[in-house]
Number of protein chains: 2
Amino acid sequence: MALEHAILTALSEQPGSGYELARRFDKSLGYFWSATHQQIYRALAKMHADGWLTGATIEQDGRPDKKTYEVSAVGRGELRRWIAEATDMTPIRSDLAVKIRAARAADDPILLDDIARHRQQHVNRLDLYLSIEKHDFGDGQPLDDERLHQFLVLRGGIAAERASIGWLDEVVEALQRSRAHGRVAVAAGASA
Amino acid sequence: MALEHAILTALSEQPGSGYELARRFDKSLGYFWSATHQQIYRALAKMHADGWLTGATIEQDGRPDKKTYEVSAVGRGELRRWIAEATDMTPIRSDLAVKIRAARAADDPILLDDIARHRQQHVNRLDLYLSIEKHDFGDGQPLDDERLHQFLVLRGGIAAERASIGWLDEVVEALQRSRAHGRVAVAAGASA
DNA sequence: GGTTTCATGTAACTAGTTACATGATTTA
DNA sequence: TAAATCATGTAACTAGTTACATGAAACC
């Protein structure tokens, strides 16, 4: 149910068009709530119809009209209502965890390749977050509420990526050890 | 696309009925790929129709018939094919991250309550994982491939829960500091 | 006598993905 | 001259959620 609330959040920070929102969902907020442009256009139409947003059409020459949206009083109320609502942990769905669990041939180089690819993706994502942290929050300046919240969410992303990388290192090490020792390993990680 | 592959994995470890699978998805595999009984029954029917599973109906008195399934050669092939297929990082969708980012009133006690609830849920989940680790893998015995894989996936869950708890501690501390200092904070966490 | 367990499902709905479509403008 | 950007969508499909339904047996 949170796509609409993520859009309300984004448009509260800065009004804009569907296209602009889609760009923002490719970064920033989108790191913590991913959405494609198709989803966004559909949600905007519904939210506008429900009165959560006010819209204005801007004519442009040589280009399709641009529709910009901002959050209405009703939309602000809905966002407040949602924030006050208790939510539970999001259920996890990890392809890679299922794959690791499914693989009988522990030392299958194909699986190790895929694990290495995932690890690299997490390293890239961590580097990105760290560069944003340095660039946007690295000056030790006091933060107002809005920027503090952005900072804290980014810190969550950093923590998650570090945990993923550490875990995948443990996985690779264990699988390689198991391969080296005739496919039998001990639960050495349990004491780590 | 992985629900069907998660079911193939579960039925490879141990054949069973839809009901039994739904129980297993409430724990074990389900910690890393959640699914409800409705999804599972629907998927089983489709997988059976597609020849990925063989099924047998067991008549019982006083109870509905039980349908047990096991993985066919076709299903095993499909699971192998999927494991060999490269997959990307699962996109993240975190309600709580969106909420934190959306909250203007940083020290709003309602949001702090919800954060505390989430933290407690992660602590409970971590405790559960640690007790499984101790019970199932704590004896230092060598692990065969299947058990090693189960262990490694569990270690991923432990790492993720620890990261979540650490992050939420940082969030609470920062929000409380911001409240104490007239709603302005510094990016102190950046050096942590 | 009330809840939990066993055992299966259907139906309606909401959310997310993938593919297709159009067309001018700007950049390499 | 080819690709990327701007700017909007529709359509078909797949996946996930929520609500409803049935009924005996075992447990407290």
Side-chain angles (χ1 to χ4, degrees), chain A residues 1-8 15-27 30 32-50 52-53 55-69 82 85 87-95 98, chain B residues 1-8 15-27 30 32-50 52-53 55-69 82 85 87-95 98:
Chain A
M1 251 292 267
L3 170 60
E4 297 177 350
H5 301 101
I7 291 174
L8 287 174
S17 68
Y19 185 84
E20 287 161 0
L21 269 178
R23 298 294 103 226
R24 283 195 250 164
F25 270 84
D26 285 341
K27 53 188 202 328
F32 307 100
W33 196 274
S34 72
T36 61
H37 86 270
Q38 292 90 341
Q39 275 179 281
I40 290 166
Y41 282 119
R42 207 181 347 164
L44 285 172
K46 180 172 188 298
M47 293 165 78
H48 188 234
D50 291 349
W52 294 10
L53 305 177
T57 301
I58 297 173
E59 285 171 43
Q60 303 183 113
D61 29 65
R63 300 214 160 159
D65 293 351
K66 181 197 281 201
K67 295 183 195 166
T68 60
Y69 297 94
W82 177 70
E85 182 186 284
T87 47
D88 290 329
M89 277 169 59
T90 312
I92 292 167
R93 290 198 173 91
S94 163
D95 282 59
V98 176
Chain B
M1 250 295 266
L3 171 60
E4 297 177 349
H5 300 102
I7 290 174
L8 287 174
S17 70
Y19 185 84
E20 287 161 358
L21 269 178
R23 297 295 103 225
R24 283 194 250 166
F25 271 84
D26 286 340
K27 53 188 202 332
F32 308 99
W33 196 275
S34 72
T36 61
H37 85 271
Q38 292 89 340
Q39 276 179 281
I40 291 167
Y41 283 118
R42 209 186 339 167
L44 284 172
K46 180 171 187 298
M47 293 164 77
H48 189 233
D50 290 349
W52 294 10
L53 305 176
T57 301
I58 297 174
E59 286 171 43
Q60 304 181 110
D61 28 64
R63 300 214 158 158
D65 293 349
K66 180 196 284 200
K67 295 183 195 166
T68 60
Y69 296 94
W82 177 71
E85 183 185 283
T87 47
D88 289 329
M89 277 170 58
T90 311
I92 291 166
R93 290 198 174 91
S94 163
D95 282 57
V98 175

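For clarity, every value in this text was computed on a predicted model and none was experimentally measured. A note on names: the letters A, B, ... follow the listed sequences, proteins ahead of strands, and every chain is numbered from 1.
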Pairs under 3.5 Å (N/O, protein and nucleotides 5-7 of chain C):
unit_1 : atom_1 : unit_2 : atom_2 : d
dC6(C) : OP2    : Y19(B) : OH     : 2.9
dC6(C) : O3'    : R63(B) : NH1    : 3.0
dA7(C) : OP1    : Q60(B) : OE1    : 3.0
dA7(C) : OP1    : Q60(B) : NE2    : 3.2

Only counting residues at least two apart or in another chain, list the ones meeting side chain to side chain donor-acceptor pair (under 3.5 Å) with [X].
{"X": "T90(A)", "value": "none"}
{"X": "R93(B)", "value": "S34(A)"}
{"X": "R42(B)", "value": "none"}

Specify the separation, in whole Å, of atom [atom1] of [X] and atom [atom2] of [N].
{"X": "L21(B)", "N": "dG9(C)", "atom1": "CG", "atom2": "P", "value": "12 Å"}
{"X": "D26(A)", "N": "dC6(D)", "atom1": "CG", "atom2": "P", "value": "11 Å"}
{"X": "E4(A)", "N": "dG16(C)", "atom1": "CD", "atom2": "C1'", "value": "13 Å"}
{"X": "M47(A)", "N": "dA15(C)", "atom1": "CE", "atom2": "P", "value": "12 Å"}
{"X": "D95(A)", "N": "dT17(C)", "atom1": "CG", "atom2": "P", "value": "12 Å"}
{"X": "I40(B)", "N": "dG16(D)", "atom1": "CD1", "atom2": "C1'", "value": "12 Å"}
{"X": "Q39(A)", "N": "dC13(D)", "atom1": "CD", "atom2": "C1'", "value": "14 Å"}

With T68(A), which residues qualify under side-chain contact (heavy atoms from CB on, under 4.5 Å), at least two apart?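 Partners of T68(A) by the side-chain contact (heavy atoms from CB on, under 4.5 Å) criterion, ordered by chain and then number, come out as S17(A), A56(A), I58(A), K66(A).
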Checking Q38(A) now: which residues fulfil side-chain contact (heavy atoms from CB on, under 4.5 Å) with it, not counting sequence neighbours?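 Partners of Q38(A) by the side-chain contact (heavy atoms from CB on, under 4.5 Å) criterion, ordered by chain and then number, come out as T36(A).
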Which pairs, protein N/O on one side and nucleotides 18-20 of chain C N/O on the other, fall under 3.5 Å?
unit_1  : atom_1 : unit_2 : atom_2 : d
dA19(C) : N6     : Q38(A) : NE2    : 3.0

Using side-chain heavy atoms (C-beta onward) and a distance below 4.5 Å, is M47(B) in contact with L8(B)?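 Answer yes - side chains close enough.
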Using the test salt bridge (Lys or Arg N to Asp or Glu O under 4.0 Å), find all partners of K67(B) that sit at least two apart in sequence or belong to another chain.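 Applying salt bridge (Lys or Arg N to Asp or Glu O under 4.0 Å) to K67(B) gives none.
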Taking salt bridge (Lys or Arg N to Asp or Glu O under 4.0 Å) as the test, write out the residues that go with D88(A), two or more places apart.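 Scan of D88(A) (salt bridge (Lys or Arg N to Asp or Glu O under 4.0 Å), adjacent residues dropped) gives R117(B).
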With sequence neighbours left out, write down each residue that passes ring-ring contact (aromatic ring centres under 6.0 Å, His included) with Y19(B), or none if nothing qualifies.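 Result, ring-ring contact (aromatic ring centres under 6.0 Å, His included) vs Y19(B): none returned.
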Test of understanding: with ring-ring contact (aromatic ring centres under 6.0 Å, His included), list the residues that count as partners of Y69(A), not counting sequence neighbours.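 Partners of Y69(A) by the ring-ring contact (aromatic ring centres under 6.0 Å, His included) criterion, ordered by chain and then number, come out as H48(A).
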Answer with yes or no whether R42(A) presents, from its side chain, a donor or acceptor under 3.5 Å of a partner atom in the base of dG16(C).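 Counting by modelled atom types and ignoring angles, a donor-acceptor contact under 3.5 Å is found here.
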Which atom pair, heavy atoms only, marks the closest approach of L3(B) to A35(B)?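 The answer is CD1-CB, 3.7 Å.
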Assign each of R93(B) and T68(B) to its nearest nucleotide of DNA chain C by heavy atoms, then name whichever residue's nucleotide is nearer the 5' end.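 Result of the comparison: T68(B).
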Between the two end axes of the helix from dG1(C)-dC28(D) to dA28(C)-dT1(D), each built from 5 base pairs, what angle do you get to the nearest 10°?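 Comparing the axis at each end, I get an angle of 50°.
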